Amino acid sequence: MSSELKNTQQDRGISEFETARDRFISSIVAVQNKSEKTAQSYRSDLDVYYEWTKRSKLDPIRVEYRQLRRYLAEQSAAQYARSTIARRLACLRTFFRYLDQEGLIEGNPAQLLQTPKLEKSLPGTLSEKEISSILDVHDLSTNEGLRDSALLELLYASGGRVSEIAHLRLADLKLDQGIARVQGKGGRDRYVPLHQLAVDKLDTYLERVRPTLVGSKVTVGDTVFLSARGNALSADAIRRIVKKSAKLAGISRPVTPHSFRHSFATDLLNNGADLRSVQELLGHANLSTTQVYTHLSSRRLQKVHQQAHPRN
């Protein structure tokens with residue numbers, strides 16, 4: 001490292017690690033096309049690691065394999081979830097690979113660390129009856145009811161992630177063709193078909209409700225779903241709408257936008273859709289991610305078998 005850069009760091013109170021971290025974060029956004037949300041997650045995980053090295057009186061850049069093993073062991077002893085530990089390890093692997101490529105270290109001390117075995121958990125789903133009760137609970141004589149009804153119908157019709165629905169633009173909706181374009185992880189676009197009921201509700205919302213929500217605002221943009229004040233609905237606002245709708249429908253257990261996504265996938269498989277089609281509709285990069293839903297489908301078949309087979 002140049003003496004000029006060292007002096008700059010000293011003047012600003014910035015450590016060598018913080019400088020490397022910031023450059024790394026900029027790199028994964030600009031070069032690897034990672035999202036800002038992913039970059040923030042990497043920064044947070046690296047800050048946790050940095051605090052640990054300071055407590056342990058270690059150089060966070062020139063750390064050894066056995067020291068990283070101790071870091072992970074302490075994470076486990078602190079009872080962090082295995083998924084959290086695995087994510088932090090993946091972050092360190094990527095970070096140290098970057099440092100190696102930049103010539104700041106020789107080799108990647110995190111490369112040979114074993115990822116904790118993750119516990120397989122099945123996603124929570126809603127029954128078709130529960131889905132229907134939530135979708136039909138809104139008062140369609142009000143603007144809020146029409147908006148929320150269209151929003152939730154779209155969630156279930158598309159299987160979209162809450163962030164994808166929150167960022168949906170007017171140009172993304174091709175209602176005359178019955179499709180919507182959503183931008184998934186890694187900036188990958190995909191087109192999802194919409195059934196006629198979802199199209200009709202969206203059409204009503206766009207024609208009768210959205211213009212009144214826009215009001216006199218000139219900077220509202222082209223976001224599809226707006227709040228009562230004419231602002232774009234955030235992902236958190238959509239989560240609150242889902243939670244409120246489930247409560248109105250008499251469902252006491254937790255319901256989130258992801259519950260709609262899980263139910264969408266499971267219902268398609270239960271009704272004969274093939275796994276690769278569901279993978280494409282969900283925007284999963286790997287088929288293995290979609291395969292978790294086959295367990296839910298198989299569980300339903302086992303229940304039917306137990307109820308119907310004469311030898312049971």
Side-chain angles (χ1 to χ4, degrees), residues 1-120 161 163 183-189 279 283-292:
M1 180 180 297
S2 69
S3 59
E4 182 180 348
L5 181 55
K6 283 185 177 179
N7 291 335
T8 301
Q9 290 173 343
Q10 291 171 355
D11 292 342
R12 297 181 181 176
I14 300 174
S15 69
E16 182 184 6
F17 172 83
E18 290 170 308
T19 301
R21 178 203 60 197
D22 292 347
R23 291 182 175 180
F24 165 69
I25 297 298
S26 298
S27 171
I28 64 173
V29 173
V31 179
Q32 299 181 35
N33 198 30
K34 299 289 186 182
S35 68
E36 289 295 334
K37 184 177 180 180
T38 300
Q40 290 172 7
S41 177
Y42 272 56
R43 176 182 288 274
S44 176
D45 288 341
L46 287 173
D47 286 345
V48 170
Y49 163 72
Y50 184 37
E51 290 302 316
W52 176 82
T53 59
K54 287 198 293 185
R55 292 195 304 271
S56 303
K57 295 181 170 42
L58 295 172
D59 184 332
I61 289 182
R62 294 160 193 86
V63 71
E64 298 176 2
Y65 164 80
R66 60 182 177 80
Q67 293 166 333
L68 289 179
R69 281 190 61 183
R70 179 153 59 89
Y71 169 65
L72 295 180
E74 291 186 20
Q75 295 271 299
S76 180
Q79 297 186 330
Y80 282 101
R82 291 181 183 179
S83 57
T84 299
I85 298 173
R87 188 195 70 231
R88 288 176 177 172
L89 173 55
C91 173
L92 287 177
R93 284 200 188 109
T94 308
F95 177 61
F96 283 115
R97 183 168 62 245
Y98 167 81
L99 295 181
D100 185 26
Q101 292 170 348
E102 292 295 305
L104 292 175
I105 60 173
E106 292 185 9
N108 184 343
Q111 189 61 44
L112 297 179
L113 289 170
Q114 291 188 344
T115 302
K117 186 175 290 186
L118 300 180
E119 298 175 352
K120 291 185 178 180
R161 301 177 179 91
S163 58
Q183 187 178 80
K185 292 183 176 180
R188 294 186 296 269
D189 285 350
Q279 175 195 6
H284 286 159
N286 299 310
L287 187 63
S288 60
T289 308
T290 317
Q291 284 176 327
V292 66

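If you're wondering where the values come from, they're calculated on a predicted model, not measured in any experiment. For the numbers below, each heavy atom of this structure counts, side chains included, while hydrogens, waters and symmetry mates do not.
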Derivation and outcome, side chain to side chain contact (heavy atoms under 4.5 Å, CB included), residues Trp52 and Leu58: CA-CA 9 Å; Trp52 176 82; Leu58 295 172; 3.6 Å; yes

Check: Gln40 main-chain N/O paired with Ser44 side-chain donor or acceptor under 3.5 Å: no

Heavy-atom pair with the smallest gap, counting every atom of Phe96 and Ala110: CD1-CB, 4.1 Å

For Gln111 against Arg93, the heavy-atom pair lying closest together: O-NE, 3.7 Å

Non-hydrogen atoms of Leu46 and Cys91 that approach each other most closely: CG-SG, 3.7 Å

Whether over 12 other heavy atoms sit under 6.0 Å from Tyr80 OH: no

Residue among Asp45, Thr53, Asp47 satisfying side-chain contact (heavy atoms from CB on, under 4.5 Å) with Tyr49: Thr53

Shortest non-hydrogen contact between Ser15 and Tyr50, atoms and distance: OG-OH, 3.0 Å

Contact summary for Ile61 and Asp59, nearest pair of heavy atoms: N-OD1, 2.9 Å

Verdict with reasoning, Glu51 to Arg55, per salt bridge (charged side-chain N to carboxylate O under 4.0 Å, His left out): CA-CA 6 Å; Glu51 290 302 316; Arg55 292 195 304 271; 5.2 Å; no

Candidates Arg66, Gln67, Arg62 - the one meeting side-chain hydrogen bond (donor to acceptor under 3.5 Å, both in side chains) with Glu64: Arg66

Gap between atom OG1 of Thr115 and atom CD1 of Ile85 - 0.5 Å precision: 11.0 Å

With Tyr71, the side-chain contact (heavy atoms from CB on, under 4.5 Å) member among Val63, Leu113, Leu92: Leu92

Distance (rounded to the nearest 0.5 Å) between Glu74 CD and Ser76 OG: 11.0 Å

Spacing of Thr84 atom OG1 and Leu89 atom CG [to the nearest 0.5 Å]: 12.5 Å

Heavy-atom side-chain contact between Arg21 and Pro60 under 4.5 Å: no

Parallel, tilted or perpendicular: ring planes of Phe95 versus Phe17, cut at 30 and 60 degrees: perpendicular

Arg87 CZ: over 12 foreign heavy atoms closer than 6.0 Å: yes

Reported CD1-to-CD distance for the pair Ile28 and Glu36, which is rounded to 0.5 angstrom: 9.0 Å

Distance, nearest 0.5 Å, that separates CZ of Arg69 from CG of Leu112: 11.0 Å

Steps toward side chain to side chain contact (heavy atoms under 4.5 Å, CB included) verdict (Phe24, Glu102): CA-CA 10 Å; Phe24 165 69; Glu102 292 295 305; over 6 Å; no

Ser41 side-chain N/O to Lys37 backbone N/O, donor-acceptor pair under 3.5 Å: no

